Amino acid sequence: MEEQFPAIIVAVPLFAALLVTLVWWFDNRFCFPIAILAGTVSLAASAGLLLRVLSTGVVEYRMGGWPPPVGIVYRVDHLNGLFLVVISAVSLLNLAGSRTIAKKEFGEKLGAFYALYLLFITGLLGILITGDAFNLYVLLEIASLTGYALIGMGRRRAPLSSLNYVFMGTIGASLYLLGVGYLYLITGTLNMADIARILPAILPSNVVLLAFILCLSGLFVKMALFPLHAWLPNAYTYAPSTVSSLVAPLTTKVMIYVMFRVTLSIFTVDFAFNSIAVRLPLLWLAIVAIVMGSLLALAQKRLKKMLAFIIVAEVGYMVGGFWLGNRAGMNGAVLHIINDAAMTLCVFMAAGAIVYKTEDDRLSSLQGMFRKMPVSMTAMVVGGLSLIGVPPTCGFFSKWYLISGGIAAGQFAFVAALIFSSLVNTVLFFRFFEIGYFEPFPPEKTRHHGHTGYLAQSKEMAEAPLDVLVPLITAAVLVILLGLFSGEIVTRVIQFAIPAVIG
Amino acid sequence: MSVDNLSPSDVAALRAKRPALPSRTKKSISFVLTFLICFATWIVLSGRFDLFHIGLGVIACSIVSSLSGTILISRRGFEQMPRQWLQFILYIPWLLYQILLANLQVTYLVFHPRMLELIDPRIIRFKSRLKKPMSLFIFANSITLTPGTITVYVSITGEYTVHVINEQAGNSLPGEMQERVARLMGE
Amino acid sequence: MMDSFFLYAGIYLCLIMLLSLYRAVFGPTVLDRMIGVNAIGSKTTALLILIGIIYQRVDMFVDIALAYACLNFIAVLAASRYFQKIKGLYDESH
Amino acid sequence: MESIGDLIIAKYNYWAVITLLLIGLYAMIAKKNLVKKIIGMNIFQTAIILFYVSIGSKKGATIPIILHGPAGSSHAVHAADYINPLPHVLMLTAIVVSVATLGVALALAMKIYSQYGTLEEDEILEKIMESETG
Amino acid sequence: MIWPLDIIIVSMVIICGIAAISIKDLLGAAILFGAYSFMMCLLWSVMGAVDVAFTEASVGAGVSTVFFVAAVFRTSRRSKD
Amino acid sequence: MRTLGLIAAFCLGGLLFFISFDFPSWGDALSPASRHVSPYYIEHSLEDTSVPNIVTAVLADYRGFDTLFETAVIFSAGLACFFLVRVSERQVPAARFYRHLATGITFRIEKGGRLPEGTGEFERIDSLWVPYDVIIGMTCRLVVPFIQLFALYVIAHGHHSPGGGFQGGVIFGAAIILFAISTNLRRTLKRMSERSSALLSSLGVLIYAGTGLLCLFMGAGFLNYRALAAILGVDQVAARSDGILIVESGVGIAVAAVMVWIYYNLSSAGKQDEGL
Amino acid sequence: MTVSAVIFIVLGLFFFTGGSIGILRFPDFYSRLHPAGKLDSMGLLMTMAGMALYTLRDFSLPAIITALKIMLIVVLVFITSPTATHAILDAGVRAGLGPWTAPEKKVKE
């Protein structure tokens, strides 16, 4: 059975999604257990796969039994083995916490929600695991399509933002597809390893350069790097809370992984870092993204929108760390993907819990929130500290790697941008903590524009239900644990994930 | 338009024409007939006569007949069918001849340099004596295919609204064609 | 010889399609566009078979043409249904 | 020495791809109506499909369906006789994806219409501004 | 591939595409988009991609135009550009 | 912003244009694309799978995994449309129109009034009612079964001629949509309810994924149809051919059901009582 | 047989030409439907018959089946084309488009 793990990781959530759709028309109650079961199986299979990769090296799985250039092949190495575990764990955690909130948000369409959720996970896990450039596109589309639907169910501006996301997402995916087409034109194959084998022989070639540009710009649209980020903030802000805590930690991270994969495994390190002069421009793009993301986050008045702009800045961290082109920077980028997934999950889940109770996410309406929802706010504090980069949390360690990488590469602008962004995050979160902890309760009836829910007026403790809180606490603990064990992760796994060429 | 609404007596007449056969028999007869028609079509489409493909054909035809057997054949009077089909085959050559005439006339109009003087489009209305929906349908489509006339609307009671390209094209309606259609459908 | 005949027939058919396309693109009302597109559809059916003959694989192309003949009028029916439900033409002049 | 005519014949398909790409992008960026944007998105996707199919075409080859049935498989099949089937397969998938995206985009447009009563982007933004300030 | 046919059809595809996005009536745009996919179908059969042509024929003629018309029916026909 | 986007788009176009001179020319039989992998498909598909249509062989077998997700994409589109636009039935309907069958009198029943459903004397009519059109109705009655048969033919003969599950499924769906256009949505819903279209769409993908999982449990890899030989009692090449047929029929079912489902939701704006 | 095929196809192309020019020349959309509805289906019949004959030049079972399929297309078109014509015309009437009438005085002026 162990040989079949790569197939099981993807096939089980897909199968469960179909099963949920079948069962849901007869009974609503089975959806959640099936989804949890599928998530658990998939997590277990990814963990097993990672262990296997750690002991034996790269695992290859042939779909339909056809050898690589002819058929589709799944290829798991240290990089995506690690990400598989992280992504499936994050999605499972969020799934576990979604039960009550989803029931409130989707009501009768609960089954459809879980089916779309599982399909989304299927798509992301497939993107991580596949070794075929076109298969990646199909899986990308399945993840995006379900993402559009999930985001579009939110309130107010959600449909419009989702439609904008559809347009931008389609442009991004199509540009990626066009890039793959250029590669196919020049090499005649779609298998990533095969392309990487053929490419050095035909370099230098304008077609390859253009393919590189197209693929990367498509992925930049998808990952919302700064000038192309327009779709992200609104989409994440207005999405339902269970959805934003699913989409926000995962989509951009997976896209950054795809950038890693495309650059390292298709275009080869030598081409991307040495032959063409894209390293520095992309680094500067990342720096601009960090600065602008932070500045824009500063201007926001809503909690979720602020978090969304922080994500825009974080994308800059990872892209910049990658294009530093040295080992420390790349370590930091990979580690930051994992850490960022964990801490964005933490803050968005906490925000979801808060919004679930107060139905308002204006920063100004969070007065006295620490006394009303102590657990959620504590989790929020942990996540916030991690986003700032305070030592025991995981955010500190990846930032440390990134900064040391920046210093080693002599890119002090990048270092400065990182520090600036950390400062801005400090300001943001301490403003938030101040509102939540120190500001007195609003006197009744004087809050302007305020939502007059029953909770807003009472001073009682009103925490979110237990099945929301337990995953939330787990996520917060995970943020700290990842920080404590980050050295382990780097030396055991990430070291091997980065090609030896990079010094 | 006035033809939109049916008068009560028309509806009563329509209701009186409910099928005489019990519905189950009707269903099975239409299943079998649809199956036969479908299977003949399948053989033309498929062009493969090994057992596997014939088997597939049987499955496909059963699916189609069970899904939409009642769509294709839902009128009463199965016993008239063979005669009608024979009549229909006899009707086709005449129709083709009319179509050819129509085309020559329209082509003449199209290429005529002073075409605008020759045409005088107008909409005419008349009531036909045909009753069955099938004969109404055949008559309407025949009108469309024959010289200078296009059916605009047919009400279920047999009132035709026809667009004619010039006056003499409208003069021939309902005329011979209606008789032929009536003979064809046994009315 | 026959090949070039069919090729020229195909080109001629394409040119005729261009005429219908004029009506489809510049037709003053939507209905004129529908006429144009409908006419293009029937020519497409013929052209598909012609291409099949040029490739000398008619048996493969005939299925596409058949699908075309079946489905060509669905769009027209849907559009006319639109007019039956919502009466009135939209004035395109502004 | 290639003449310009030969060059055009050899490359015009790729130029058509570029034209269609630009038409699609133009519609998606410059048009304000959401349905127009959706049409532009579809044109954009078809342009890429056209690109792939152009890669696959081969001079003097026939369509990728082997001429003789399974019984006559004794005679060898030459790769040069048949058009490259792989881009066709990929593009079938891409067409399916574009239909799926079309469906979802239209559903979203419909939801937006029921919310704001218009499909023009600037009018929608105006309404949003009104509702947020007032 | 038959390039003389191909070049005419390609130009018609481009004409259809431009027309489909520049018509002010959304129903007309939907119908012209149908014509656009007719042309695409032809183009693909000219290039020998029969399966793609078949798919485009069934999708373009059968389904996507109907979806457009249905969506326009449920929303509005008005378009400012 | 808009002009900036346009400038970027045209820069992209120019770049693409200039790079196109480096391409191998159109239809070149010696371009890399047609020399590396594709000859394998052309030369071996017949002996590997006994399917003459190479596209079908590659689609459903060599790259069957892509096709599984293509079907999943379609399925999720159907689900997404449902998720986005479907309005709950429990909402009290606005004014409805009924016609008394015997007299032809049309009633308008206001919101909250008692609805004469189930008496058999009344027929619900659309608020934008159009009279029964004999010509369109008869044509559709004649043509719909034929189109359905043709769709099944396309699915079944995907091995030998162009076509296959997706095309056949779309045509089948179009036939049902045609029926809905020619009559009305409620009559179509009686023949194929929303629930059955949802169930069928997920069942179709389930057939595909289930075949894959069956192969996995039989000991071969995911979607390796060779494992089906033991179940079907045929040799391995024929098992691949049969596996392709099974998978294609799954795709056909899924696609047809999803197309109908999307049409239901789009044409009725999610209310599923009055359509186009 | 080839000669008759060629004659049929040429005739069909002639009708198609007539249809297209008619669509361009006629004054209003009601009268445009006359060439569109009739000449196109006739042109299709002719070309299809020609091509079916051409397919039949090597007389074998697959060729007969193919020719039958081609004629099946014609049958389908002869059912659906008048319906489509009628549907468009009906749409026009419901949309309230007035039919064009001959402006006899204007022509004389």
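Keep in mind it's a predicted model, so treat the numbers as computed, not measured. Within every chain, numbering begins at 1; the chains are lettered A, B, ... in the order of the sequence lines, protein sequences first and strands thereafter.
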Supply the atom-to-atom distance C:Y12 OH to G:T17 OG1, rounded to the nearest 0.5 angstrom. 3.0 Å

To the nearest 0.5 angstrom, please state how far the SG atom of C:C14 sits from the CG atom of C:L47.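 Between atom SG of C:C14 and atom CG of C:L47 there are 5.0 Å.
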
What part of [X] is in contact with chain G, defined as an atom under 4.5 angstrom from a non-hydrogen atom: side chain, backbone, both or neither?
{"X": "C:F6", "result": "side chain"}
{"X": "C:D63", "result": "side chain"}
{"X": "C:L18", "result": "neither"}
{"X": "C:I35", "result": "both"}

What heavy-atom pair brings C:N38 and G:A84 nearest, and what distance separates the two atoms? ND2-CB, 3.6 Å

Show the nearest heavy-atom pair for residues G:S20 and C:K43, with the distance to one decimal. OG-CE, 3.2 Å

Do any of residues 33-42 of chain G have a heavy atom less than 4.5 Å from a heavy atom of chain C, and if so, which, in residue order? G:L33, G:A36, G:D40

Go through [options] and name the one with the most non-hydrogen pairs under 4.5 angstrom from chain C.
{"options": "G:T55, G:V77, G:I70", "answer": "G:I70"}
{"options": "G:I9, G:I79, G:T2", "answer": "G:I9"}
{"options": "G:T47, G:L89, G:I23, G:L76", "answer": "G:I23"}
{"options": "G:I65, G:V6, G:V74", "answer": "G:V6"}

Side-chain touch C:M60/C:V58, heavy atoms, less than 4.5 angstrom: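 Side chain of C:M60 against side chain of C:V58, heavy atoms only: no contact under 4.5 Å found.
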
Which residue out of C:L50, C:L77, C:L15 racks up the most heavy-atom pairs below 4.5 Å with chain G?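 If we count pairs closer than 4.5 Å to chain G, C:L50 comes out on top.
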
Is the side chain of C:R23 donor-acceptor paired with the backbone N or O of G:L24 at a distance under 3.5 Å, no angle test?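 Side chain of C:R23 to backbone of G:L24, a donor-acceptor pair under 3.5 Å: yes, one is there.
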
Count the heavy atoms of every other residue, nucleotide or ligand shown that sit under 6.0 Å from CZ of G:F78, and state whether that count exceeds 12.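 Atom CZ in G:F78 is packed in, count exceeds 12.
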
Would you indicate whether C:F5, at its atom CZ, is surrounded by more than 12 heavy atoms from other residues, nucleotides or ligands within a distance under 6.0 Å? yes

Face-on cation placement of G:R57 at G:Y54 ring, 6.0 Å and 45° thresholds: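 Geometry flag: set, cation within 6.0 Å and 45°.
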
